[in-house]
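Values reported hereafter were calculated over all heavy atoms of this structure, with side chains retained and with hydrogens, waters and symmetry mates removed. In what follows, chains are A, B, ... by sequence order, proteins preceding strands, each numbered from 1.
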Amino acid sequence: MTIARVIVDVPSRDTDRAFDYTIPERLQGWVEIGSRVAVPFGPRKLQGIVIGLAEDADVELAKLKPIEEVLDALPPLSPELVELGEWMSRRWLCPLTVSLQAMLPAALKGRSEKYVFPAAGAQWSDEETARSGGLLLALRKGKPLKLAMLLQQYPEQGAALKRWLRQGRLEERQRVEDKSSGKTVYTVFPADAETLLKAVEEIPARASKQREVVRYLAENNDPIAVARLAAEASTTSATIRSLEERGLLEIRSVTEERDPYADRDFTASNPMVLTPKQATALAPIVDALNERSSEAFLLHGVTGSGKTEVYLQAIQRCLELGREAIVLVPEIALTAQLVERFKSRFGALVAVLHSRLSNGERYDEWRKIREGRAQVAVGARSAIFAPFSSIGLIVIDEEHETSYKQEESPRYHAREVAIERARLHGAAVVLGSATPALETYEAAAHTRGGSQSGLGKIGYIGLPERVANRPLPGVQIVDMREELKLGNRAMFSRSLAAAIKDRLEKQEQIVLLLNRRGYATFVMCRSCGYTAACPHCEISLTYHRGSSNLRCHYCGYSEAEPKTCPSCESPHIRFFGTGTQKVEEALAEAFPGIRVIRMDVDTTTEKGSHERWLTEFRERRADVLLGTQMVAKGLDFPYVTLVGVLAADSALRLPDFRAPERTFQLLTQVAGRAGRHELPGEVIIQTYDPEHESITSVQGHDYQGFVERALLLRKQLGYPPYGRLIGVTFSHESAAMLLSIGGQFASGLRERAMELGIRKEFDSTGASALEVLGPVSSPIARLKDRYRFQCMVKYRGDVDASLLVSRVLGEIGEAAKRGGVQISVDVDPQMML
DNA sequence: AGCACGCCGACT
DNA sequence: GTCGGCGTGCTC
């Protein structure tokens, strides 16, 4: 008897283990590791993933319930992805179902739905009917209705529904449903009649049902739905399945496909001739591919050095070897321009996965991969889970981007998942960036010395020059304090204003970066000092001019623009700080006739708007592309010769040890947008802190220098990559409980560390150390009506802090649950806020 | 996480 | 007496 070990879709600590089920006869052969199944669980019916099959497991069979259904013709996950999920849940301390669920396309994240319908012979009095406000009339039409929908439509009838269900006058039924709208039919594609007839002889006489099916198919040699064929031959799908194993037929899920790129022509492109530098960069990657060794490389190339062509040719080689490739790109860089580059080189072999596709479209692309019709997957973070079976190469472009870390559970980092997945496949990893993350750089620089970062060995490949020897743009730093002294109170310095005017005359283009959206960043009353804050979060509200309201950028709350102070009714209420909307206005004022495209979260929510703006800019229907960091990444426009940064230090003062690194990276990236083609580029950076290293290093394009100094500082303070962090956040609607639960966690962890003889101090001896900071109120003390406290665990890489933390959480979990305190754990947090 | 079961106050 | 409040414990 085979037992299936199933992870049910209940994301909690208590249920984070496999539950055993029997496999009923009709599903024999369909249940595999990675199958998605519907199972009974207590009184409910749930979706689950099979993570193991055990022959006659050591359990009381009588206690086991059978699997109810297998939900896909092909298991959506492979044993390798299940293993990867197990690794993830250990690495980032999340329930296994959460990491497995993260690998499925949204269309397959079916939830179970409850339906209710009247029991046979159930009666209701006229009075009850009248009081139900139409509910009973709807129900008595006979069709089962969704319980969730009824509760939403008749909110007052909840109690009545419950009563009737208990009394048995209503019945409920639960089904696990897919979200995908496209209809899927599992279809049998038979081999040709001749092959089938020949094969009949070889099928053992005992397998009479199989023979019958084959004879049927020999006569009716057309594709037929699995269910119909089973009915036709009065047998079960298990029979058909074994025929598939004999190679006499193929079962495929057939759907109407939506190809989001169907209406577009891609002109074929051939490999370009590599520069000698590019060729040198490519060589070690190709060596690794040929040897099938799971090596990782940092491809450190300045902006415009032609990294993409290196990726393309590495992928080419990978495909020639009959293996598949994954390319990760930051979401906002995943533009038509980039997709086109891959499509034109590899054609229909490319599947594209990004968040702007509908669930259905995404599911189609995902199936192309699963069914082997695509060999290259290009996508954002979650494309790292592309269901390939033989991966040869994983490329992560702009590997330093923060978007590779998922900010909700599972809080994984795609870079690390890539390295682990590559290890399982014997695949090469290429991490490309002009400004590598300090963690990556350190791992590459000290690969021989033994790195603390946890990334393992990384080979270093440098690409220090732009193609065709185009110079890097000149960078000018403007001290805005000097401007103020000279009486210039405008938001554009004299040199930036002059440069803008010059480009307008020459009909060249300009990119302007300001990392704050909205119009004004805070609202204050000059009489009483009142500032407008979100009632749900401890965050000041941002004024948006178009809609004349104040908005919270954390929870989306908005309120009307105040005319007088809500606190003292003084009319002296003023808007402070500059956002992109205000810059747009100032540009129009200072340069009449200027054509500006503003690109930020507010103007790009609509589907396709992002690409539309970029196309408009590329076609030079605008002079200025003004925006938040989304204008800094990966864009390549030949006529951009000026890049202006309005407030370079805006992110520098955040209470986050990575703030200087982020600032340097952002400035370098945006500077790289200028002068990428024939026309030379110029960059003007405005700041109130012109001496700051994050800014001065951009001027000299001095990554090396910046990084060496930053790493030294990190080492002194025990921050990553030399020490590591785990952030634990406790939240509750009231603050009262948080300090005590947080305190219990901190002291519990300190005790455990002491027992194991782990030192508290980080010192030069290099001995294991672990330190617990907090609990303290989080930098954002309240978010969406919940107060937040946090602890930060700082430790050296040789301490298994994850294990310690999960043990302590196990101890205090009960108390936290009773008190209603939510705990979220972030291993290797990327944002300190 | 849900959902049932169980033991307590406020209604017909 | 019953309805429904939410604390507790279990789900193969």
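Within the structure, the side-chain hydrogen bond (donor to acceptor under 3.5 Å, both in side chains) test picks out the following pairs touching residues 727-754 of chain A (sequence neighbours left out): A/Ser731-A/Arg786, A/Arg752-A/Glu811.
In this structure, A/Asp9 places its CG atom 14 Å from C1' of C/dT11, rounding to the nearest Å. The CD1-P distance, from A/Ile7 to C/dT11, rounds to 16 Å in whole Å. One can place CZ of A/Phe41 at 6 Å from P of C/dC12, the figure rounded to the nearest angstrom. One can place CG of A/Asp20 at 6 Å from C1' of C/dC12, the figure rounded to the nearest angstrom. The separation between A/Glu68 atom CD and C/dC12 atom C1' is 13 Å, rounded to whole Å. Rounded to whole Å, atom C1' of C/dC10 lies 13 Å from atom CG of A/Leu46. For A/Arg44 and C/dC10, the CZ to P distance is 15 Å, given to the nearest whole Å. When the P atom of C/dC6 is taken as reference, atom NZ of A/Lys817 falls 17 Å away, rounded to whole Å.
The nucleotide whose nearest atom lies closest to any side-chain atom of A/Arg818 is, among C/dT8, C/dC12, C/dT11, C/dT8.
Ring centroids of A/Tyr787 and A/Phe730 are separated by 6.0 Å or more, keeping the two rings apart.
At the heavy-atom level, A/Tyr21 lies under 4.0 Å from the strands shown only through sugar-phosphate atoms. Heavy atoms of A/Lys45 sit nowhere under 4.0 angstrom from any nucleic acid atom. Counting any heavy atom pair closer than 4.0 Å across all strands shown, A/Arg17 reaches a base atom.
In this view, A/Pro387 and A/Leu81, A/Trp366, A/Ile369, A/Arg370 satisfy the side chain to side chain contact (heavy atoms under 4.5 Å, CB included) rule, not counting sequence neighbours. For A/Trp87, the ring pair (Phe, Tyr, Trp, His ring centres under 6.0 Å) criterion is met by A/Trp92, not counting sequence neighbours. With sequence neighbours left out, the side chain to side chain contact (heavy atoms under 4.5 Å, CB included) criterion links A/Ala138 to A/Leu145, A/Tyr154. In this structure A/Ser89 satisfies the side chain to side chain donor-acceptor pair (under 3.5 Å) test with no other residue, sequence neighbours excluded.
In summary, contact between chain A and DNA chain B, defined as any nucleotide atom under 4.0 Å from a heavy atom of the protein, begins and ends at B/dA1 to B/dC3 in the 5' to 3' direction.
For the OP1/OP2 pair of C/dC12 and a distance below 4.0 Å, the side-chain nitrogens and oxygens of A/Lys63 include no atom meeting the criterion.
Taking 4.0 Å as the cut-off between side-chain N and carboxylate O, A/Lys65 and A/Asp20 do not count as a salt-bridged pair.
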